[in-house]
Each structure stands twice: as C-alpha cells, then as structure tokens.
Amino acid sequence: MAEMSPNASHTTDVLVVGAGPTGLLLAGDLAEAGLSVTLLEARPHKTSNLSRALVVHARALEQFDARGIADEVVKMGHPIDRLALFERLQLDPSRLPSRYPYVLFIPQYEVERVLERRARDAEVTFVYDAKVVGVDQDTNGVTARAVAGKDADPEGPHTTYRASYLVGTDGVHSTIRQAIGLPFPGQSILSSLILADLKLDRAPDRPFTVNAVPDGFALLTEMGDNTYRLTGWNRHHQLPDDAPLDVEEIKELLRLNFGTDYGITDVRWKSRFHSDERQAPAYRVGRVFLAGDAAHVHSPAGAMGMNTGLQDAANLSWKLVAVLRDGADDRLLDTYQAERHAVGKLVLRMSGTLVRVALLHGPAARLLRAAAGTILSNVRPLADKAAAMISGIGIAYRAPRGVHKLTGRRAPDVRLAEGRLNELQRGGRFVLITPAGENTGVSLPGHVVRAHWISDRRRTTALVRPDGYFCWATEKPDHEAGLRAELTTWTGPLPQPVGSLHYVN
C-alpha cells in the first residue's frame, strides 16, 4: 500500500479510482496481465461492513471461476436454489445451464476481501485516503490530481498520477463522472429503504425469506452466525436518509410483512437510504471510462447492481490489455461502450419492472400481480428465461447481421479435450476451439489457447474472449483468412510464421 506524497508525481499504465468490487476485479485483471496499475480509494484502508449487496449470481461466479477464485467465494456464502421475488413469483435457478445453478448469498465485503487479496498478489498499487479533485486528458494519456483525505482542500497540496487510461469505479457519487462532465440522468424510485443486520431469537424457516404486502415489502437473508440482513420498505415511513432509524421501526416492518419480529436480540448495524435509477449517457470519454455504480445504478430488485458492475470490469479489462500490451487498435475499446451501455439499460428496465410490480397497490393490482407470478413461475420456458436474464446467464451482446449465431453469446463452461473452458481462460486468455483432431494453420499469440471439441460431430470453429463470450465462429472448413482478421481485431497483431521473410525497400 502506497502513501500519498504531496507534490509528487507517479506514472502507471492504468489508473483505477474506487476500490469496490468492480474496481478490484478490474485492477486485478490488469495487473495479472502484466500492466502497472494504481488503485485510488477515497476511504481510509478498512473493510467496510456497510455494504448493501448480498447476492452473487451465476454469471459473476463463472467470471470468478475463470480467475480461479470461485470455489473460495462459494465456500463463504450460502447457495440458494429457489428465489421468491414476491407472493407467487418464484424462480428456479437450479435449472440454469451453469456450473453454479443457484443464487449465492454472501456479504459484499467478503467478495471484496477475496478480490483485494487477488489484486495485491498481482502487485496492484493501492493508495487509500486519496480523493481525486481533477482530471485532464490529452492524446497520449490522462492526468489525475488527488488530495489526502475527503475533507482536504481541493486547491491544496496534491499528488499527480499519469496513466494511459483511467477507469472510474467510484460509485453513485462518482467524482470521475463529474470531472469529465457527464450527467447522471434518472430518478429516485424508492425513498426510506431500510437496511439492518439483526440477531434474531427465532430463525425464519428459510435462509432467504421475502414478502410484499399492500404497504411495503421486506426480505431477510441469512448471513451466518445467527445474523440476518433485513432489506425493506414501509409506505407509512417515508423519511429522509439521515432520519433516525430505531428498533421499533424495524420491528414494525418485520411484523407488517411476516407477522412476527422474530424476537430481535441485537441490531448490529442499521441504515436508511433511497434507491435511484440512473445511467450515464456514455461509458467512455476519450481515455476515461466509467464502470459499476459510477456508470449505472438500479433498484435493489433482482440484486443485479454489483453483478452488473463485475461484468463491466470483466468486459473492459481484457480490452485494455489487448490495446496496451498486445498492440490492438484503440477502437477495440469502443466496444465497451457499445456492449455494456446496452446491458446497463436492460438491467435498469428489468430491475425497475420488478420493483414496480412488487409495489402495486390495491386489491385489483395485487390480484393481477399474483396471477402474473403464478404464470411466470409455472410456465417453464418463461421461468427459465427470467432466471437466465436475472442471473446474467441469458444476457448476450448484439452482433452484426450475417455473422454466426454464436457471436456475442455467452460461452458455456463446456468440457473440451484440453479441460474445462473456464479453466483454460485463466490468466485472461482467449480460447480458439476447433473440431476434434483438427488444427488451424494460423499462428496464434501466446495469450490464445488452442482447444478442441470432444465430440467428433462438432464442426464449429469458434473464438472465445477472455470474458467468456464468443466473438467469432464459423462452420466453414476454409476459414483461415477470416480467422486471421478476427484475431487481429480482438487480440492484436499476429506473430509471423516461423521461417517467414520480410523485405524492406
């Protein structure tokens, strides 16, 4: 961990601002690839227990698996194979086509602990208590100015950081987003949401308990050590975020939704906050990028916020590596905006729909909600589609017309002749999959792994990106020219075949 030195100047390949899950995953990926990375965090160095996220979905666990940390994260959490969203709407993640067919309940700070250790092992330079007060960029890089402490004079002594690229992962109130002049349009959809960590005398019947009533909703999630996280809302208590939150209000919320307060014995932590729906109009401005809550913020419905940020990081990290380390064209970075902004918009729509349905008021509206929940839960194709989208498994990137149907889709963790796909991806590698017994004559860079389908019937040749999506595929046997072009676009210039000659006039 580095200390800030007033009036000093530092240079790094990538500057990441914000040490939440998104920034930690991104920084770890970049450093593991051999880039120099400095991560600035405005808070003092400590693991916060004030995190709001509690869920890691299957697609994020697949990303962790491709980094060799999924098993550790799973061991610390509580897998749930049924997810009740309200009344009769229940999703069944056990049918997800994934190695992780469940929802993992785990406090965000535990996820951060694993990601931070990984980043430190990869030699990311951490600088805490560092508030960014200015960002300037030119054709060659970005310069950020930071002061020591959130209350420090912005015009006082500062430390300068110079990088090829800067990524703002610094949350809803992002100083990076403000510094590059981007608005954050949207609206508040829920005020006076309650969060609390409770010790209970009587445990709920299930580790995840949720209910919605005409005047509010609540969910209780087991966190271990007889502690439960309460998230809820009471229509009759609409107060400012800084209004006191006492035990009686928490008990009332529990009784309203569950008919009991479960005999609260201790309130370890409590908070009141509001929920927004907002999205920045751009995720890239020159050499500055936004990711996670700095780029988009959603309602808590569906627990997709942290997971979407992790996917942002997984999408952007390998592209920065391709440009900075492997010589790919800078235009590759524009695909981050094209792909992730569309996903952010989709997640806003999904989470917004869920919360608005949960808050339907009046007998007729609630009857309609119950009927819709029954249909969605019992019509298997609809239920599986909903579970896939919320988990991230079903999200794909838009592909150009005329390309192979796999392009832009998630690559499942299939067993290949050389091993599992996610294991082959470790270290941020591409995987080129060819039919059994066949090899392409194209020279591959060191960060592209050759693999083969096990089945003799699979005739597809496909290229899988480090974030686990197909970026190219074909059924044609004569495909080397197309493969060279795609590899150059996605992975950078190809190595010259051994024995090739070059003449310079």
Side-chain angles (χ1 to χ4, degrees), residues 29-30 33 62-63 66 284 311-312 314-343 395-414 416-453 458-498 500 502:
D29 284 359
L30 299 173
E62 290 180 345
Q63 297 290 0
R284 180 186 189 185
Q311 298 299 328
D312 290 345
N315 183 290
L316 179 59
S317 62
W318 68 266
K319 294 173 182 178
L320 287 168
V321 171
V323 171
L324 288 171
R325 187 193 69 184
D326 304 321
D329 194 294
D330 177 87
R331 288 176 294 181
L332 175 63
L333 296 172
D334 290 336
T335 65
Y336 171 69
Q337 159 74 22
E339 293 175 345
R340 294 309 300 171
H341 193 274
V343 170
I395 291 177
Y397 296 131
R398 182 175 296 176
R401 289 185 178 180
V403 300
H404 193 280
K405 64 181 180 180
L406 290 179
T407 306
R409 294 187 180 183
R410 159 189 166 268
D413 182 30
V414 295
L416 301 168
E418 291 76 11
R420 286 197 299 117
L421 176 61
N422 284 358
E423 291 178 335
L424 296 176
Q425 288 178 295
R426 290 178 184 173
R429 292 180 173 87
F430 288 80
V431 179
L432 178 64
I433 311 173
T434 56
E438 295 185 12
N439 284 307
T440 176
V442 177
S443 296
L444 301 180
H447 54 287
V448 180
V449 176
R450 297 178 186 269
H452 301 82
W453 302 110
R458 293 295 299 267
R459 308 311 300 166
T460 307
T461 298
L463 182 63
V464 180
R465 309 179 339 183
D467 58 349
Y469 289 87
F470 291 105
C471 57
W472 175 83
T474 185
E475 307 291 334
K476 300 177 181 177
D478 183 16
H479 57 252
E480 289 192 0
L483 176 58
R484 286 192 181 93
E486 294 293 334
L487 284 167
T488 301
T489 296
W490 296 103
T491 73
L494 302 183
Q496 295 297 323
V498 175
S500 62
H502 298 272

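Keep in mind that the numbers below use all heavy atoms, side chains included, and drop hydrogens, waters and symmetry copies.
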message: side-chain contact (heavy atoms from CB on, under 4.5 Å) for I395 and R410? Distances and angles first, verdict last.
response: CA-CA 7 Å; I395 291 177; R410 159 189 166 268; over 6 Å; no
task: List the steps, then state whether side-chain contact (heavy atoms from CB on, under 4.5 Å) holds for L463 with C471.
output: CA-CA 6 Å; L463 182 63; C471 57; 3.6 Å; yes
message: Working note: T461 + L432, criterion side-chain contact (heavy atoms from CB on, under 4.5 Å); need CA distance, chi angles, decisive distance, verdict.
response: CA-CA 7 Å; T461 298; L432 178 64; 4.1 Å; yes
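Scored by the side-chain contact (heavy atoms from CB on, under 4.5 Å) test, A322 finds A328, L332 as partners (sequence neighbours excluded). Looking at residues two or more places apart in sequence or on another chain, you find no ring-ring contact (aromatic ring centres under 6.0 Å, His included) involving H404.
Between the CG atom of L421 and the CD1 atom of I433 there is a distance of 5.5 Å, given to the nearest 0.5 Å. Between the NZ atom in K319 and the CZ atom in R331 there is a gap of 14.5 Å [rounded to 0.5 Å]. F430 CZ to L487 CG: the interatomic distance, rounded to the nearest 0.5 Å, is 8.0 Å. Here the straight-line distance linking atom NE2 of H452 with atom CG of N439 works out to 3.5 Å at 0.5 Å rounding. Rounding to the nearest 0.5 Å places CG of D326 at 12.0 Å from OG1 of T488. Taken to the nearest 0.5 Å, the CD atom of E486 stands 10.0 Å off from the OG1 atom of T474.
W453 places a side-chain N or O within donor-acceptor distance of the main-chain N or O of T460, the cut-off being under 3.5 Å. Distance alone, capped at 3.5 Å, places no donor-acceptor pair between the N422 side chain and the D413 backbone. Looking at Q63, its side chain never comes within 3.5 Å of a backbone N or O of Q311 through a donor-acceptor pair. At distances below 3.5 Å, at least one donor-acceptor pair connects side-chain atoms of H447 with backbone N or O atoms of T491.
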Anything under 3.5 Å between a donor and an acceptor, one on a side chain of residues 477-484, the other on a protein residue two or more places apart or in another chain? List them.
| residue | atom | partner | partner atom | Å |
| --- | --- | --- | --- | --- |
| H479 | ND1 | K476 | O | 2.8 |
| H479 | ND1 | P477 | O | 3.4 |
| E480 | OE2 | G441 | N | 3.0 |

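Across Y469, F470, Y336, a single residue satisfies ring-ring contact (aromatic ring centres under 6.0 Å, His included) together with Y397, and that is Y469. With E423 as the partner, the side chain to side chain donor-acceptor pair (under 3.5 Å) test is satisfied by one option alone out of R420, Q425, R426: R420.
Using a 4.0 Å cut-off between a side-chain N of Lys or Arg and a carboxylate O of Asp or Glu, E475 and K405 do not qualify as a salt bridge. With respect to the salt-bridge test (charged N to carboxylate O, under 4.0 angstrom), the residues R325 and D29 do not qualify. In this structure, R429 does not pair ionically with E418, as no charged nitrogen and carboxylate oxygen lie closer than 4.0 Å.
Side-chain contact between D329 and T489 is absent, with no heavy atoms from C-beta onward closer than 4.5 Å. R459 places a side-chain heavy atom less than 4.5 Å from the side chain of E438.
Taking the six-membered ring where tryptophan is involved, the planes of W490 and W318 are tilted, since the angle between them lies from 30° to 60°.
When all heavy atoms are compared, the tightest approach of P493 to G327 is CD-O, 3.3 Å. Of all non-hydrogen atoms in A411 and V464, the two that sit nearest each other are CB-CG1, 3.8 Å. Residues D467 and A314 share a closest heavy-atom pair of CB-O, 3.5 Å. For A451 against L424, the heavy-atom pair with the smallest separation is CB-CD1, 4.0 Å.
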